[in-house]
Amino acid sequence: MFAVFVRSALRPGMVRPCRLVRPATQIPERSLVHQEGLPKLPVPPLKQTCERYLAALGPIVSEEELEHTRQLVNEFLKGGVGERLQKGLERRARKTDNWLSEWWMQSAYLDCRMPVAVYTSPGVVLPRMHFQDRQGQMRFAAKLIAGVLDFKRMIDTETLPVEYLSRQPLCMDQYYQILSSCRIPGPKRDTVMNHAIGITTPTHITVVHNFQFFVLDVYNSDGTPLTVDQLYMQLEKIWNSSLQTNKEPVGILTSQHRNTWGKAYNNLIKDKTNKESVRAIQKSIFTVCLDAPMPRVSDEMYQSRVAAQMLHGGGARWNSGNRWFDKTLQFIVGEDGTCGLMYEHAPAEGPPIVFLIDYVVNYMRKTEMVRSPMVPLVMPQKLRFNITPEIKRDIDRAKQNMNIMVHDLDVKVLMFSHFGKLVPKQHKLSPDAFVQMAFQLAYFRMYDICCSTYESASLRMFKYGRTDGIRVTTEESSKFVMAMQDPAKKNTERMELLREAVEKHKQNTYDAIHGQGIDRHLLGLKMVGIEDLTSMPEIFMDTSFAVAQHFNLSTSQVGSKTDCVMCFGPMVPDGYGVCYNPMDEHINIAITAFNSCEETHAAKFAQAVEDALLDLRALLEDTATAKQ
Ligand code: COA
């Protein structure tokens, strides 16, 4: 069955410049049934969350800390504070479409003052392309643009197939937030502008080459998209009129700390020309970055180098100025065959982005450039910027800070080729839980402790759902990793513990995706406390709470059909960011850390993960043969 979904109303927290929404009578009935029929995110029972919270603390805090937290949780439950906050949250849940999504978008993204580059915006590494020159680069970019426009057609005509998770239909709202949108810096909090909804929706993309931005109209006057051939011609014009390499990289301003960028932004748009140029970028459907070649590296290092390029552009000398980091979607095509994308995280999660990639990659495979009779097209408009001495100073500062970020980011992409998700499946284990247990084992082997570990879980079964966290470190996982390191343990015992740990992880995943996770509920209770202006309950001021929120391992599975891998920075200064794509026969894993932390090392962790995965497979095989 093929269901379609409807362009939803503006999601909470987003700013719509065009106020007109299509009249309800025009919305296809079956779409309404899908989107409107989605359940509301529930508020989990208070006692359940408190009990699960204490259980999650077990393997990551000391017995003394845990005892103290038990008392605080008891007071919270029995003293009436918890009940009051819970009632406040339930009231909010009744009044809103989703009690969480606006708070989440604000607290996780728009209030966050760290730069979006490296800290919140993920990158995606696509397989290496075989071109090595500008013709190849432009041909690839032209096909890619045509593919994204074809995908956009499904969004515009509301014919995008509804996605499912565990046989439940998912909220499709995020697809309406990723095109024609852009983050805008604010002095204390950012906003996201969405230009996709309204009577006059944008018909142009922005292309950046040698730090120079161009408006490229991608539709003919009759509303048909430009053909690949036409797009190629237009890209060629852009290439030829941006050959100078001495231009100020205005885009690098967007990589700054958000307060710094907020100030620089106000200064930049004081000038009318600059303001118009910035608006054109913000409104555009998406951005294509035609990158200069990067320094060559060995084949082994190639994916890691590309991941870094997707996350930050390589530094002021390379392609960091060839970006508008606030733009929701930026496709990156290098002259040296590098390709991928980066996206600003506030409007959407990874899965819709990779679904789009899968579609575009498939489209590009089927599409050839067809020479069509040429209707002369207007020259793409170059966006001008007047650079005052103050703006120049801001750019210079942004360049310096970017270079510091580049040096600080440690990236290792592990293309684990020994086996993929078919192996755990054959042994009747959840592949996701299996890979997570390998991360747990790798971390334990390196540090001799278990750490607070986050895995993102989709909440899209609910209207406007985003994510909750799965707490991966459990009593069961810690018993398993300890058994793996204990020479006295037999493999049969280890295998039994692995099964228990995997089952626990599956149960926690089930709870999280069904709206019964711990973390967002605790966030909700805390937010009610803040809004009530009452004193903050002690459970949120406790050391255990800080330890629980300090995710040394921040992980996420973003699976795709395309052989690609998503990557993102660590959540904490002494942690790892780990994003993985388990394919049937291999697993792509991108690991990041900060060089400024002496304890972390992306390549060493990657090696430990590889060893752990191999040891897990050996354990499966050994215990399977022992049974025979
Ligand atoms: N035996 C055999 N097969 C099993 C199994 C078992 N015991 N348990 C699971 N499987 C199968 C599943 O049926 C599934 O099959 P498929 O490949 O045919 O679909 C496959 O193994 C994968 O299942 P599993 O590894 O358990 O993971 P999942 O697909 O259920 O994904 C999450 C788990 C948490 C990743 C997913 O629920 C989710 O939330 N994804 C979104 C995360 C997100 O938003 N990330 C981005 C943040 S930017």
Side-chain angles (χ1 to χ4, degrees), residues 101 104-105 108-109 116 119-124 163-168 170-175 177-178 311 328 341-357 419-439 453-462 464-472 498-517 519-520 551 554-561 564-569 571 577-585 587 589-590 592 613 616 620 624:
S101 53
W104 177 245
M105 179 136 148
Y109 304 113
V116 290
Y119 291 93
T120 54
S121 292
V124 178
E163 288 174 281
Y164 287 79
L165 180 62
S166 301
R167 280 186 243 124
Q168 297 296 316
L170 299 184
C171 176
M172 300 296 284
D173 176 67
Q174 290 182 26
Y175 286 96
Q177 314 299 342
I178 56 179
L311 287 170
T328 307
L341 68 87
M342 80 176 305
Y343 79 95
E344 200 290 299
H345 211 328
E349 259 70 59
I353 306 289
V354 292
F355 185 76
L356 180 150
I357 291 175
F419 62 89
K421 64 178 171 185
L422 290 183
V423 164
K425 274 188 183 182
Q426 280 154 9
H427 291 267
K428 307 218 168 351
L429 293 171
S430 145
D432 184 66
F434 179 86
V435 173
Q436 284 290 346
M437 291 313 126
F439 297 157
T453 307
Y454 177 95
E455 181 188 354
S456 33
S458 176
L459 282 178
R460 285 174 58 207
M461 279 185 195
F462 304 98
Y464 301 131
R466 297 288 307 258
T467 54
D468 202 334
I470 305 164
R471 290 201 161 260
V472 183
L498 173 63
R499 282 206 182 275
E500 283 168 20
V502 162
E503 274 318 302
K504 182 70 186 174
H505 187 75
K506 269 203 94 166
Q507 182 59 48
N508 286 347
T509 302
Y510 181 91
D511 290 341
I513 63 176
H514 288 86
Q516 301 296 319
D519 281 80
R520 301 299 186 264
F551 291 107
S554 159
T555 73
S556 185
Q557 181 191 142
V558 182
S560 66
K561 293 199 177 81
C564 63
V565 66
M566 190 170 269
C567 47
F568 48 75
M571 223 190 250
V578 184
C579 196
Y580 54 105
N581 179 7
M583 308 203 67
D584 282 348
E585 306 283 354
I587 310 171
I589 309 171
T592 56
L613 282 166
L616 288 195
L620 297 184

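Values in this document were obtained by computation on a predicted structure and should not be read as measured data. Indexing begins at 1, ligand by ligand and atom by atom, following the structure's order.
- Under 4.0 angstrom from ligand 1, the non-hydrogen atoms of Pro351 all belong to its side chain.
- Counting only heavy atoms, the protein gets under 4.0 Å from atom 26 (O) of ligand 1.
- Those atoms of ligand 1 that come under 4.0 Å of a heavy atom in Lys506, given as number and element, are 8 (N), 9 (C).
- The protein heavy-atom contact nearest to atom 48 (S) of ligand 1 is Gly350 N, 3.3 Å.
- Between His345 and ligand 1, not a single N/O pair is under 3.5 Å apart.
- Gly420 and Ile587 get closest at one heavy-atom pair: CA-CG1, 4.0 Å.
- Proximity of His427 to ligand 1 is not established, as no heavy-atom distance is less than 4.0 Å.
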For this session: Let me see the working for Ser560 and Ile357 under side chain to side chain contact (heavy atoms under 4.5 Å, CB included), right down to the final yes or no.
Result: CA-CA 8 Å; Ser560 66; Ile357 291 175; over 6 Å; no
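- At least one side-chain heavy atom of Phe551 sits under 4.5 Å from a side-chain heavy atom of Asp519.
- A donor-acceptor contact shorter than 3.5 Å is absent between the side chain of Asp468 and the backbone of Ala512.
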For this session: Begin with the C-alpha distance, continue with both residues' side-chain angles, and end with the deciding distance and a verdict on salt bridge (charged side-chain N to carboxylate O under 4.0 Å, His left out) for Arg460 and Glu163.
Result: CA-CA 10 Å; Arg460 285 174 58 207; Glu163 288 174 281; 2.9 Å; yes
For this session: Go through the steps to decide whether Gln507 and Asp511 satisfy the test side chain to side chain donor-acceptor pair (under 3.5 Å), and finish with yes or no.
Result: CA-CA 6 Å; Gln507 182 59 48; Asp511 290 341; 3.2 Å; yes
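- Ligand 1 is approached by Lys421 to a heavy-atom distance shorter than 4.0 Å.
- Here the protein heavy atom with the shortest distance to atom 38 (C) of ligand 1 is Ser458 N, 3.9 Å.
- The protein non-hydrogen atom at the shortest distance from atom 20 (C) of ligand 1 is Lys425 CE, 3.5 Å.
- Contacts with ligand 1 closer than 4.0 Å are made by no heavy atom of Met566, backbone or side chain.
- Screening Glu455, Arg471, Glu500 for a side chain to side chain donor-acceptor pair (under 3.5 Å) involving His505 leaves a single residue, Glu455.
- Close N/O approach between Asp432 and ligand 1 is found [any backbone or side-chain N/O within under 3.5 Å].
- Within 4.0 Å of atom 3 (N) of ligand 1, at least one protein heavy atom is present.
- The single protein non-hydrogen atom nearest to atom 42 (C) of ligand 1 is Ser456 O, 3.5 Å, given as residue, atom name and distance.
- Within the 4.0 angstrom cut-off, atom 44 (O) of ligand 1 has one or more protein heavy-atom neighbours.
- Here is the list of ligand 1 atoms found below 4.0 Å of a heavy atom in Ala457: 39 (O).
- Looking at every heavy atom in both residues, Lys425 comes nearest to Pro431 through CG-CG, 3.8 Å.
- Between Glu349 and ligand 1, a contact under 3.5 Å exists for no N or O pair.
- Scanning the protein heavy atoms around atom 36 (C) of ligand 1, the nearest turns out to be Leu165 CD1, 4.4 Å.
- At a heavy-atom cutoff of 4.0 Å, ligand 1 is contacted by the backbone of Leu429 but not by its side chain.
- A distance of 10.5 Å separates CG in Leu459 from CG in Leu170, rounded to the nearest 0.5 Å.
- Checked against a 3.5 angstrom limit, the closest N/O atoms of Lys428 and ligand 1 fall inside it.
- Near Val558, meaning under 4.0 Å from any of its heavy atoms, are these atoms of ligand 1: 46 (C).
- For ligand 1, the polar-atom distance check against Ser430 finds a nitrogen or oxygen pair separated by under 3.5 Å.
- Contact check for Val124 versus Val558: no side-chain heavy atoms found under the 4.5 Å cut-off.
- Below 3.5 Å of separation, one finds an N or O of Ser556 facing an N or O of ligand 1.
- Using modelled atom types, no side-chain atom of Asp173 and backbone atom of Tyr464 make a donor-acceptor pair closer than 3.5 Å.
- Checking side-chain atoms of Tyr109 against main-chain N and O of Pro347 turns up no donor-acceptor pair under 3.5 Å.
- With hydrogens and angles disregarded, no donor-acceptor distance shorter than 3.5 Å links the side chain of Thr555 to the backbone of Val578.
- Annotation: atom 31 (O) of ligand 1 to nearest protein heavy atom, Gln557 NE2, 4.1 Å.
- Nearest protein neighbour of atom 10 (N) of ligand 1, counting heavy atoms only, is Pro431 CD, 3.8 Å.
- When each atom of ligand 1 is checked for a heavy atom of Thr509 under 4.0 Å away, the hits are 34 (C).
- Of the protein's heavy atoms, none falls inside 4.0 Å of atom 29 (O) of ligand 1.
- Using modelled atom types, no side-chain atom of Gln557 and backbone atom of Pro582 make a donor-acceptor pair closer than 3.5 Å.
- When Glu503, Gln174, Gln436, Glu455 are checked for heavy-atom proximity to atom 32 (C) of ligand 1, Glu455 turns out nearest.
- Side-chain atoms of Thr328 and Gln177 include no donor-acceptor pair closer than 3.5 Å.
- A distance of 4.5 Å separates CE in Met461 from OG in Ser166, rounded to the nearest 0.5 Å.
- Using a 4.0 Å threshold on non-hydrogen atoms, atom 18 (O) of ligand 1 counts as touching the protein.
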